[in-house]
Number of protein chains: 2
Amino acid sequence: MKTLKYSRQRESIKTCLMARHDHPTADALYTSIREEFPNISLGTVYRNLNLLVELGEIQKLTCGDGADHFDADTSPHYHFVCRKCGQVYDLPMEPMDSINHLAQKHAEGQVDSHKIYFYGTCNDCLENN
Amino acid sequence: MKTLKYSRQRESIKTCLMARHDHPTADALYTSIREEFPNISLGTVYRNLNLLVELGEIQKLTCGDGADHFDADTSPHYHFVCRKCGQVYDLPMEPMDSINHLAQKHAEGQVDSHKIYFYGTCNDCLENN
DNA sequence: CTAACTGCAAAGGTTTTGCAAGCGC
DNA sequence: GCGCTTGCAAAACCTTTGCAGTTAG
């Protein structure tokens, strides 16, 4: 077990992610952070995001558009992904705790968690046709 | 709209995928197909897999382990992903058709479909500790 | 003959990693 | 000072693409 040390970069990455609600990719976050730390490297952003995911302080979203997205909200909730623009939205609906047990009955193993992604077209893309 | 032409390679890719139930990655499928077509290229495998996905004949699974997996079963069903070995299993549970409507009430857009991935440890990995 | 398809190889995009220097404790 | 962290750059990895040759209709 390795001991964590404070780092201004990690602090900033977490703060910045908590302040946004658009579930940025590592690269988008990197662009933001560079306003405060012009010399930070993309490798550092990735290393810290992975570290924060391991610590359970943030979560990684793999919604199928190529790059992973990150979310500072680790409470159970679901996401809506626009297939046109790729934007990822929080979905303020009740988490379905019971479906882990439902899945458990049919799974060939121990079920711990689940993720749900809803797909469709967001209002912005519907309007701008 | 472009017209499709028959190709032995595409035929073989689909047949091979239908015969397996382990949701292979493009590369794993490529290795299999090479037994029948030693000269097939990975690019051809990707091109045809994407084509088959567009046609709705197979589906792509993005479960978060880096590479996409493919599934010849396009009927609505869910998947169980082992976090230890990365194996993807079919989950023979009832599809929850109603949750699209549930999500629709809270979504900032038009919801078309959803995917659910359950995560945990598969029996093989539990046994081999 | 024409347009779709192929193999090959190169390029593209995302993420990880090795290394020497820097910094927290 | 020790060891975690950083910046940089290279590498690894997965997927797409350009091209010239092949094949189905």
Side-chain angles (χ1 to χ4, degrees), chain A residues 1-17 23-55 57-71 81 83 85-86 88, chain B residues 1-17 23-55 57-71 81 83 85-86 88:
Chain A
M1 197 66 188
K2 84 167 157 180
T3 319
L4 277 194
K5 262 180 199 173
Y6 173 83
S7 105
R8 287 175 306 144
Q9 287 89 339
R10 183 158 57 241
E11 174 85 17
S12 168
I13 288 168
K14 192 172 176 199
T15 306
C16 187
L17 188 58
H23 313 90
T25 60
D27 197 67
L29 204 48
Y30 168 63
T31 302
S32 285
I33 305 269
R34 248 148 70 112
E35 292 170 15
E36 189 184 355
F37 292 89
N39 292 322
I40 199 172
S41 82
L42 188 53
T44 297
V45 173
Y46 273 106
R47 268 187 289 236
N48 280 299
L49 285 172
N50 286 338
L51 202 46
L52 291 167
V53 168
E54 280 170 39
L55 293 171
E57 297 186 21
I58 67 173
Q59 66 168 319
K60 185 186 285 191
L61 306 176
T62 306
C63 57
D65 69 340
D68 290 337
H69 294 246
F70 295 87
D71 188 349
V81 181
R83 285 216 141 102
C85 67
V88 180
Chain B
M1 198 65 189
K2 84 168 160 182
T3 318
L4 278 194
K5 264 180 196 173
Y6 173 82
S7 105
R8 287 175 304 141
Q9 287 89 337
R10 182 159 57 242
E11 173 85 18
S12 168
I13 288 167
K14 189 168 180 202
T15 306
C16 188
L17 188 57
H23 313 89
T25 60
D27 196 68
L29 204 49
Y30 169 63
T31 302
S32 284
I33 306 269
R34 248 149 70 111
E35 292 171 15
E36 190 184 354
F37 292 89
N39 293 321
I40 200 172
S41 82
L42 189 52
T44 297
V45 173
Y46 273 105
R47 268 187 290 238
N48 279 299
L49 285 171
N50 286 338
L51 201 47
L52 290 167
V53 169
E54 279 170 41
L55 293 171
E57 296 186 21
I58 66 173
Q59 67 168 320
K60 185 186 285 192
L61 305 177
T62 306
C63 57
D65 69 340
D68 291 337
H69 295 245
F70 294 88
D71 188 349
V81 181
R83 285 216 140 103
C85 67
V88 180

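A note on names: the letters A, B, ... follow the listed sequences, proteins ahead of strands, and every chain is numbered from 1.
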Just the rounded figure in Å: distance from P of D:dC14 to CG of B:Asp65.
9 Å

Interatomic distance, A:Tyr30 OH vs D:dT6 P [rounded to whole Å]
14 Å

Rounded to the nearest angstrom, tell me the gap between atom CG in B:Asp27 and atom C1' in D:dT16.
15 Å

Do A:Leu17 and A:Leu52 have side-chain heavy atoms sitting under 4.5 Å apart?
no

Starting the side chain at C-beta, find the nucleotide from D:dT6, C:dT6, D:dT15 nearest to B:Asn48.
C:dT6

Polar atom pairs between nucleotides 18-22 of chain C and protein, under 3.5 Å, N or O only, would you list them?
unit_1, atom_1, unit_2, atom_2, d
C:dG18, O6, A:Arg47, NH1, 3.2

Just so I know, are the side chains of B:Asn50 and B:Lys60 near enough to count as touching, which here means a heavy-atom distance under 4.5 Å?
yes

Would you please test A:Val45 and A:Leu49 for side chain to side chain contact (heavy atoms under 4.5 Å, CB included) and show each step?
CA-CA 6 Å; A:Val45 173; A:Leu49 285 172; 3.7 Å; yes

Between D:dT6, C:dG7, C:dC5, which one does the side chain of B:Arg10 approach most closely?
C:dC5

Give me the atom names and distance for the closest heavy-atom approach of B:Val88 to B:Cys63.
CG2-SG, 4.0 Å

Can you name the closest pair of heavy atoms from A:Gln9 and A:Phe37 and give their distance?
N-CZ, 4.4 Å

Do B:Tyr30 and B:Asp27 come close enough that some side-chain heavy atom pair is under 4.5 Å?
yes

Of the options C:dT15, C:dG7, D:dT5, whose atoms approach the side-chain atoms of B:Gln9 most closely?
C:dG7

Round to the nearest Å and state the distance from B:Ile33 atom CD1 to C:dT6 atom P.
11 Å

Check whether any side-chain N or O of A:Asn50 sits under 4.0 Å from OP1 or OP2 of C:dT15, and answer yes or no.
no

Side chains of A:Leu4 and A:Leu51: does their closest heavy-atom pair fall under 4.5 Å?
yes

Least distance between heavy atoms, B:Ile13 atom then B:Thr44 atom:
CD1-O, 4.2 Å

Is a side-chain donor or acceptor of A:His23 paired with a backbone partner of A:His69 at a separation under 3.5 angstrom?
no

For A:Lys5, is there any backbone N or O sitting under 3.5 Å from a side-chain donor or acceptor partner on A:Arg10?
yes

For A:Ala26 against A:Leu42, the heavy-atom pair lying closest together
O-CD1, 4.3 Å

Classify every nucleotide of nucleotides 20-25 of chain D by which part a protein heavy atom approaches to under 4.0 Å, writing B for the base, S for the sugar-phosphate alone and - for neither, in 5'-to-3' order.
----BS

A:Tyr46 vs C:dT16: side-chain N/O to OP1/OP2 distance below 4.0 Å:
no

Sugar-phosphate only, base, or nothing, as touched by A:Asp68 at under 4.0 Å among non-hydrogen atoms:
sugar-phosphate

Short side-chain donor-acceptor distance under 3.5 Å, A:Glu36 and A:Ser12
yes

Rounded distance in Å - CG (B:Leu55) to C1' (C:dC5):
14 Å

Nearest-Å distance, CD1 (A:Ile13) to C1' (D:dT6)?
11 Å

Can you tell me if A:Thr44 touches the phosphate of D:dG7, counting only side-chain N or O atoms and a distance under 4.0 Å to OP1 or OP2?
yes

Which angle, to the nearest 10 degrees, lies between the helix axes at the two ends of the helix from C:dC1-D:dG25 to C:dC25-D:dG1, each defined by five pairs?
30°

With sugar-phosphate meaning primed atoms plus P, OP1 and OP2, does B:Ile40 contact a base, only sugar-phosphate, or nothing at under 4.0 Å between heavy atoms?
sugar-phosphate

Spacing between A:Leu42 atom CG and D:dG7 atom P, to the nearest angstrom:
11 Å

Atom NZ of A:Lys60 to atom P of C:dT14: distance rounded to whole Å?
14 Å

